[in-house]
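The structure under discussion appears below in the form of structure tokens.
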Amino acid sequence: MIYSDKVKFILNQYENTNAGIKANLGRILMSGKLSGTGKLVILPVDQGHEHGPDKSFMVNPEAYDPTYHYELAIEAGLSAYAAPLGFLEAGAETYAGQIPTILKINSSNSLSSIKNQSKNGTVKEALRLGCAAVGFTIYPGSDYQYDMIEEFKEISFEASEAGLPSVLWSYPRGPNIDKESETSIDTIAYATHIAALLGAHIIKVKPPSSSVTNNDLKKQYSKFLSNIESLSDRIKHIKKSAFNSKKLVVFSGGNAKGTQEMLEEIEQIKDGGGNGSIIGRNTFQRPRAEALQLLQSVINIYKK
Amino acid sequence: MIYSDKVKFILNQYENTNAGIKANLGRILMSGKLSGTGKLVILPVDQGHEHGPDKSFMVNPEAYDPTYHYELAIEAGLSAYAAPLGFLEAGAETYAGQIPTILKINSSNSLSSIKNQSKNGTVKEALRLGCAAVGFTIYPGSDYQYDMIEEFKEISFEASEAGLPSVLWSYPRGPNIDKESETSIDTIAYATHIAALLGAHIIKVKPPSSSVTNNDLKKQYSKFLSNIESLSDRIKHIKKSAFNSKKLVVFSGGNAKGTQEMLEEIEQIKDGGGNGSIIGRNTFQRPRAEALQLLQSVINIYKK
Amino acid sequence: MIYSDKVKFILNQYENTNAGIKANLGRILMSGKLSGTGKLVILPVDQGHEHGPDKSFMVNPEAYDPTYHYELAIEAGLSAYAAPLGFLEAGAETYAGQIPTILKINSSNSLSSIKNQSKNGTVKEALRLGCAAVGFTIYPGSDYQYDMIEEFKEISFEASEAGLPSVLWSYPRGPNIDKESETSIDTIAYATHIAALLGAHIIKVKPPSSSVTNNDLKKQYSKFLSNIESLSDRIKHIKKSAFNSKKLVVFSGGNAKGTQEMLEEIEQIKDGGGNGSIIGRNTFQRPRAEALQLLQSVINIYKK
Amino acid sequence: MIYSDKVKFILNQYENTNAGIKANLGRILMSGKLSGTGKLVILPVDQGHEHGPDKSFMVNPEAYDPTYHYELAIEAGLSAYAAPLGFLEAGAETYAGQIPTILKINSSNSLSSIKNQSKNGTVKEALRLGCAAVGFTIYPGSDYQYDMIEEFKEISFEASEAGLPSVLWSYPRGPNIDKESETSIDTIAYATHIAALLGAHIIKVKPPSSSVTNNDLKKQYSKFLSNIESLSDRIKHIKKSAFNSKKLVVFSGGNAKGTQEMLEEIEQIKDGGGNGSIIGRNTFQRPRAEALQLLQSVINIYKK
Amino acid sequence: MIYSDKVKFILNQYENTNAGIKANLGRILMSGKLSGTGKLVILPVDQGHEHGPDKSFMVNPEAYDPTYHYELAIEAGLSAYAAPLGFLEAGAETYAGQIPTILKINSSNSLSSIKNQSKNGTVKEALRLGCAAVGFTIYPGSDYQYDMIEEFKEISFEASEAGLPSVLWSYPRGPNIDKESETSIDTIAYATHIAALLGAHIIKVKPPSSSVTNNDLKKQYSKFLSNIESLSDRIKHIKKSAFNSKKLVVFSGGNAKGTQEMLEEIEQIKDGGGNGSIIGRNTFQRPRAEALQLLQSVINIYKK
């Protein structure tokens, strides 16, 4: 596998990172149809744990089967497939080596109102399953955030020693963060920066809105960052918060409703320098053929 | 021991599972009168811990004696016998090798109103007692759920390394889950799916009612899953939630009152593709002869 | 030391129990004046920790001295002496080998209103002191019960591996358990059964009253267990809850006021099949000669 | 070093205690001007942590310097010097071997109202600093008491294995203990007895007042212990609570205001059989010469 | 590297400290333009974690890039550069050996109102990054203080064993400490003394105001310490609280607004015997050239 210049450049920015981690980051960056572009499209399927199987899969019942997602991700030529232990385990032999996998270590569920997560997997299991990375979620601002952060640090430290990079879902929420703030540009910038400081290798955040919700920052933004009306400008700012673009940042599907709107959003993520998309619901909740077509469109955008 | 095709098929679905776990799952699937059918009838006796000895055994006082349950399960030709440490220990030598046993690791008791459980046994003790699996209970939705899940993961990880499969009792309860929701089809599907994602090898849930209690799902169900009026259709849906039937799911006795009603329920569990029944109270609270006759009827249904 | 048939019979019921534990149970059962009878009289002196030295010893000031209790227990020919670390340590050399000792691992104190205990000793210290068993208290029903139970399990697991049996004080208390319930026959049966399920080798409970305090059980008791008016019948029921008498159960002094009343109670414990008495306050709060005479009377009853 | 008969007698009472602990207790008992008398005068300087440097040292500013206290204790010929990590470390080389030191492991601070302490040192650090013992504080009756006791037990267990004795500050406080109760004779007796049961080798309590604050004990005291009006009689009772005088008990300065009053109090501690004094504020808050003179007077009393 | 007499004198005061710690303290004291003077100017950049990237870097957007801070600190000739894991990692290879680095282990974030911090790094990572020290923050007086102190002790113990000194940010806050008290001279003296007792090698506090907020101390101060009107006298007192100047104490930028005011403050810190400044916001929030000029002025003051 010969790295493209883009991939070399990206990996060089992860300095003081061990060879195992670089090899696994390289594995993800060189997989699928976006191989070598420095862009990523990842399929995450933790929806069944977070919201239940019926809310996730009823509209497209083939998706109850864990092999469906492996095959969808492989056929679509994605960069990686991320899921909790059970889902990965159910295809880890059959699909071994066909797509890099990411073990999503912790998960919440919507049966309870406590905004916390439990660790449902271990680094040892990620290694046994041949994963290329571990995934973890933190809620900056939550009452449980300090524990969640320390749990992430333990997992990512152990993963690092085993040569596994960590992908961090950084989702602000908590008593001081209202609905609007959860996706305001200043909050998303903060969540991104914390993830980078914690040593995450790939950062996942939601696409930022044009709101600035921290009162002290409203003046600052209007003075120093006049261009945040377009999503691409906001993505650029988020990348800036990720160590001046030194870290890979990928974005979830956001609030986009129709396919067209979603693809336009992805155009802007691309224009702003975002490293790609993590798209779950928007793929496995469509019929397979439609999902494959959508993913091809997404890939086409990132390939441009 | 030559595996039947049914058992081979089931075990093949547990891919990326080590040989020890497969051997013990095979041991359970090849034991008793249902040997080789892919169906299971398990006797669980943690009732004494959960509700006290008098509520459990007074109507049939022979059942105060732990050897009673070993003998009942063996004579009835069941697939396995599950109980807490003390009960298993009291017959582990006498009945060694006569029936697979499952150490029920955690238990609650009804003296307190806190909806939690304590770990009353260890994987090392399960090994010492020659068990074929460990059993654990989680309460998805409870305020203690995240701790319970992490405790299960620690136990099941250690058990897996020792080649012991895990049986997970997944019983939704908690502040957001009213009585009706505890057995509504959408909640049971959720509880089943979580258990599967956590890597449990055998999942125990209650038979689902025809209620759909999550408001967002009411429309979904009426649109996509019109046939949930019969229990067999509901069981089919629960199995679908268990990785499209890839995981073994067994059902507790449910609310059935009379013997006839209970057997009819089991007919439907069978028809829906359920892998069997865990029947406690309904057996050891009857006179021995009557219990044996009932269990034979249950086995006959699953054998059909 | 040649075991009597009684002792052999009792030890045989502890099946799947390692040789070290059996040897230490045998040591206790073959010590003192009740050697070989299968009956036990144990002196417990944790009263100083639980209620303070003055409430415990002021009426009989010799008892402030830890050597007093060793000598009382030895001279009375008791089966064992149980106390916290400091008290045992103060005579462990002088009286080595003269009476089996039980290290009481956890204790409460009455200065605080929190119904919990702290672990004040370890299995390693029990071994260093040459003890024949470890003792522990749980409060089934308390808000701390799940932690206490898990602590007991850790201690008893470690003790078992070192060949030390565990003696479990099982004292129901907590928000759902009023004063009457603490000693009602159904609650004591429950506390006994939990202790047995947890794997305790000797169970200590209070003598049960004739109250039935769980509403669901009132009908059950009047239907199935008409004879609970005499203490001996109640003791029989408690022994039944201890795995149909397979586990040793000893009883504390209870509410008995006068000596005569106490001895009558012990007659009934004996008649009901109880394995003996743990008598603290009723001995060390009398002048030494009087205490020795009382203990002789107790022993005489159990010897009959 | 040849032990005096007094010291031999004291050490013999610590039976079942390992040679390292005895050697270190001997080291303290044979140091300074009270060498061999079985009496101890110890300088404790944790005041800076507990109340801040200004409240502690401003009246005598030389005392801000940690070397001041080493020199004071050495020149005064005291038995030992006790302080937190930083203070000991600052002179551990310069004054090595000139006086036994006690590492005070835990400390509170008065900036917060939570009645807890943090562990600020370890047994390993005590060993590295060449200490002769470790010191610890518990608050019997506090909401944190069970944790504090378990922390003490962990520290003292580890210290014991390394041959280090433990000195336990046993200070009753908490929601059920009002100001008067903190030093009432019955509470101090209880605190002393708990410390002894926990296995502490040297017990530090406050001098008891003549109040009896536990209602049940008021009658008891007037019946059995008529002589508690003089401090020396009360000290005798406290020593009785320490295993009938088998454990070393030292007393803090108490409420004494003037020098004369303080010396009279110490006379009574001595007459009652107390093993000595721990005097902090009353020494380092005076000019050095005055402090040395006072300590000489104290030593003279204990030498008589 | 030949130590200056100043540095030798300082290191000699850290007695009973291992060679590795002394070597690393020496490394910091001999680095940059203040090499050998016994004075330190340190650049700390944990602002991005504590207050977010936008509040920290928007006014000077080059500062979003972690290499900016390395280069600023190196070019300015500072003594050390302190930052969280991600920031250090991003330049640890490129700038290896060019400036001593301090891994800031724990951090808070302003998204939540809970006054706690999470550990975001480990001693092992500090070693991997080639750091010269670890940094930690405690909040004396906070409800979390006892946990924070114990966490610091664990980190600093492990760091010490690896030869890494610890830098302790000691920032009083909590329910009993109002805004004025957070920087009052008596509170700062207390915070400094606690840090010293905990064994920190370099102590960071805020410059003290002339308020005395503890009521008991108001009289004391007016009696014993009449000269606290000038900052240099207050700094002298803080140094006195640091074991009579035996420990290195550095000060943050304080409330100074303009450059002139800030430099005057630093003059007084120097005059009072303070060991230097930790200046973050006041440098990286200015244009680079201006920041370099300011730092040169600060260094000039300390060099005088």
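Residue numbers start from 1 in every chain, and the chains themselves are labelled A, B, ... in the order their sequence lines are given, proteins ahead of strands.
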### Task
Please state whether the side chain, the backbone, both or neither of E/Tyr221 comes within less than 4.5 Å of a heavy atom of chain D.
both

### Task
Please examine the side chains of D/Leu43 and D/Ile279, heavy atoms only from C-beta on, and report whether any two atoms are closer than 4.5 Å.
no

### Task
Considering non-hydrogen atoms only, spot the tightest contact between D/Ile102 and D/Leu88 and give its length.
O-CD1, 3.7 Å

### When D/Ser118, D/Gly86, D/Gly52 are compared by non-hydrogen pairs under 4.5 Å with chain E, the top option
D/Ser118

### Task
Using a cut-off of under 4.5 Å on heavy-atom pairs, state which of D/Pro84, D/Pro61, D/Gly121, D/Gly91 scores highest against chain E.
D/Gly91

### Query
With a 4.0 Å cut-off, would you call D/Glu89 and D/Arg128 a salt bridge?
yes

### Message
What part of E/Ala196 gets within 4.5 angstrom of chain D, counting heavy atoms only: side chain, backbone, both, or neither?
### Response
backbone

### Query
What part of E/Asp143 gets closer than 4.5 Å to chain D, counting heavy atoms only: side chain, backbone, both or neither?
both

### Message
Only pairs of heavy atoms separated by less than 4.5 Å count here; which of E/Tyr14, E/Tyr146, E/Phe157 has the most with chain D?
### Response
E/Tyr146

### Query
Is it the backbone or the side chain of E/Leu198 that comes under 4.5 Å from a heavy atom of chain D, or both, or neither?
both

#### Entry: Donor-acceptor side-chain pairing of D/His69 and D/Tyr95 below 3.5 angstrom
no

#### Entry: D/Glu182 with D/Lys179: basic N within carboxylate O range, under 4.0 Å
yes

### Query
For E/Ser211 and E/Asp186, which heavy atoms make the closest approach, and how far apart are they?
O-OD1, 3.9 Å

### Query
Using a cut-off of under 4.5 Å for heavy-atom pairs, which of D/Thr67, D/Leu129, D/Ile114 has the most such pairs with chain E?
D/Ile114

### Summary
What one should report as the nearest heavy-atom pair of E/Met148 and E/Asn116 is CG-OD1, 4.1 Å

### Query
Does anything in residues 165-172 of chain E get under 4.5 Å of chain D by heavy atoms, and if so which residues?
none

### Query
Between E/His193 and D/Phe57, how do the two ring planes meet: parallel, tilted or perpendicular, split at 30° and 60°?
perpendicular

### Query
So which heavy atom on E/Leu103 is nearest to which on E/Ala126, and how close?
CD2-N, 3.7 Å

### Query
Is it the backbone or the side chain of E/Lys240 that comes under 4.5 Å from a heavy atom of chain D, or both, or neither?
both

#### Entry: Interface residue of largest heavy-atom contact number with chain E, from D/Ala83, D/Gly48, D/Ala63, D/Ser56, under 4.5 Å
D/Gly48

### Summary
Under 4.5 Å to a heavy atom of chain E? For D/Glu62 that would be neither

### Query
Side chain, backbone, both or neither: which part of E/Pro140 has a non-hydrogen atom closer than 4.5 Å to chain D?
both

#### Entry: Side chain, backbone, both or neither of E/Gln145 within contact of chain D (heavy atoms, under 4.5 Å)
side chain

### Approximate separation, where rounding is to 0.5 Å, of D/Asp46 CG and D/Asn109 CG
12.0 Å

#### Entry: D/Gln293 CD: over 12 foreign heavy atoms closer than 6.0 Å
no

### Task
Please confirm whether D/Phe284 and D/Tyr68 have ring centers closer than 6.0 angstrom.
no

